[in-house]
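Written out below as structure tokens is the structure these notes cover.
The shown structure was predicted, so the numbers you read here are calculated from the model rather than taken from an experiment.
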Amino acid sequence: EALTVNGKLLLLTGDYSLSLWDDMFGFLFNKQVALDFGIEDLYSLTREGKWTMDKLSQFCAQVSNDSNGDGTWDENDTYGLVSNWSTSIDTFQISCDMDLVSHNDDGGLEITMMSEKAGDILGRVVSLYNDAHSAYAFSEGGDLTTYNNMFSNGQALFYAIFFDNITALRDMETDFGILPYPKFDENQTEYLTNAWDQYTVFSVPVTAPDTEFVGIIYEALSAETWRSVFPAYYDTALKSRYSADPEVAEIVDMIMEGRQFEFSFQFGEDLQNLPYLFRKTLAAKSTDIASQYEKIESKLNESIRKMYGYYD
């Protein structure tokens, strides 16, 4: 529904796309760090619907410290959260149920990200990463090994991560658990997540002579993937092999049930990089996302008008 415009759906994804599962985002937590700092039971907190941005900020502030006392915050210190500076940041928009693009009554598109809530979410994330030194982020081109090691060595309580990278931690000596991204607040009804916008999507060219046959084959491939490939990946690897916690199965189900397919992430470059304004503003250590939006607004409206042509 989120990807439908004027009653037309041009792209789809599903179980046939294993990259969809690989690229899904969640949180890991280091169980030893949680124990050392007296962090409350995170699984119970999540089940009760109380795993929120406020709780994330509280726990991160509780853990973060200038470990070597040199006054410089870098990879040698301890943080509440480590993540990359791009896609992990983007996901906070989705996990906090922020509407970037909505559909109007006519089935068309409407930009809705410039809201009071968007500013509130950005302010919380800016505080987390920039003001309180509670979180440490690295560039998209950074070496993941450094940050995997930080988490493994107990230099971070949480690690915002896409599932495919969990395999790099399978030799970690300390047990870790898996959580969804936190909710905006307790009034939010479910935990939501995003996927790195590189996963596979499918479409049918207008030149296809038998679209019904194409649909049947795609459905058959998806069904067989769900029966044979998905259980091995989802039930065996993701739920059990990479974490010793029996609660992981329940949490992974919760994360998968909250998957979102936000329109602007599917067409980010065509929409003047709209979903990346959040990270760009954060990188500038600012909360003034409105000025970032003003820079692209004219071209964005032009891009939307052009996009409507695809759905005539």
Side-chain angles (χ1 to χ4, degrees), residues 1-28 86-88 90-91 94-95 100-101 103 107 109 140 144 161-170 178 180-181 190-243 248-271 275 307-312:
E1 184 176 326
L3 303 181
T4 300
V5 178
N6 293 334
K8 294 182 179 180
L9 177 65
L10 301 185
L11 300 171
L12 70 159
T13 189
D15 290 336
Y16 186 43
S17 172
L18 189 58
S19 62
L20 174 62
W21 315 113
D22 277 343
D23 294 338
M24 200 65 59
F25 276 91
F27 263 46
L28 305 185
S86 54
T87 48
S88 295
D90 297 338
T91 303
I94 303 301
S95 66
L100 283 78
V101 176
H103 292 77
L109 301 175
E140 190 66 28
L144 283 174
I161 193 172
F162 55 93
F163 284 160
D164 189 44
N165 193 39
I166 295 177
T167 60
L169 301 170
R170 57 189 165 195
I178 300 177
Y181 262 65
E190 60 183 329
Y191 295 100
L192 306 174
T193 193
N194 195 31
W196 181 30
D197 51 1
Q198 302 294 315
Y199 60 84
T200 305
V201 295
F202 304 91
S203 64
V204 181
V206 294
T207 55
D210 190 343
T211 54
E212 183 177 357
F213 176 73
V214 173
I216 291 171
I217 294 300
Y218 178 79
E219 185 175 1
L221 290 170
S222 296
E224 185 56 35
T225 301
W226 182 82
R227 278 193 295 264
S228 58
V229 179
F230 187 61
Y233 173 80
Y234 184 54
D235 295 327
T236 304
L238 194 56
K239 284 186 176 181
S240 60
R241 182 177 301 171
Y242 303 130
S243 176
V248 163
E250 176 188 358
I251 297 298
V252 169
D253 286 341
M254 194 180 296
I255 293 171
M256 291 303 181
E257 288 170 4
R259 291 170 295 159
Q260 301 295 297
F261 301 95
E262 214 281 333
F263 187 90
S264 67
F265 280 95
Q266 292 287 338
F267 299 97
E269 293 185 4
D270 288 329
L271 292 176
M307 185 168 289
Y308 278 147
Y310 303 151
Y311 290 89
D312 285 342

Gap between atom [atom2] of [Y] and atom [atom1] of [X] - 0.5 Å precision:
{"X": "Leu28", "Y": "Phe163", "atom1": "CG", "atom2": "CZ", "answer": "8.0 Å"}
{"X": "Glu224", "Y": "Arg227", "atom1": "CD", "atom2": "CZ", "answer": "5.0 Å"}
{"X": "Phe27", "Y": "Ile251", "atom1": "CZ", "atom2": "CD1", "answer": "13.5 Å"}
{"X": "Leu221", "Y": "Ile216", "atom1": "CG", "atom2": "CD1", "answer": "12.0 Å"}

Check side-chain hydrogen bond (donor to acceptor under 3.5 Å, both in side chains) between [X] and all other residues, then give those that pass, not counting sequence neighbours.
{"X": "Thr207", "result": "none"}
{"X": "Asp90", "result": "Arg279"}
{"X": "Asp270", "result": "none"}

Short side-chain to backbone donor-acceptor contact, Thr193 and Phe25, under 3.5 Å:
yes
Does Ser95 have any side-chain contact (heavy atoms from CB on, under 4.5 Å) partners at least two apart in sequence or in another chain, and if so, which?
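Ser95: side-chain contact (heavy atoms from CB on, under 4.5 Å) contacts with Phe92, Tyr181.
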Can you name the residues that form a side-chain contact (heavy atoms from CB on, under 4.5 Å) with Glu190, not counting sequence neighbours?
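Listed in chain order: Leu192.
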Where do [X] and [Y] come nearest, in terms of heavy atoms and distance?
{"X": "Asn165", "Y": "Ile161", "result": "ND2-CD1, 3.3 Å"}
{"X": "Pro275", "Y": "Ser264", "result": "CG-O, 3.5 Å"}
{"X": "Glu262", "Y": "Leu100", "result": "OE2-CB, 3.4 Å"}
{"X": "Met24", "Y": "Asn194", "result": "SD-O, 3.5 Å"}

Return each pair, listed once, that meets salt bridge (charged side-chain N to carboxylate O under 4.0 Å, His left out) where at least one residue sits in residues 205-221; pairs must be two or more places apart or across chains.
none
If the condition is ring pair (Phe, Tyr, Trp, His ring centres under 6.0 Å), which residues does Phe265 pass it with, not counting sequence neighbours?
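Result, ring pair (Phe, Tyr, Trp, His ring centres under 6.0 Å) vs Phe265: none returned.
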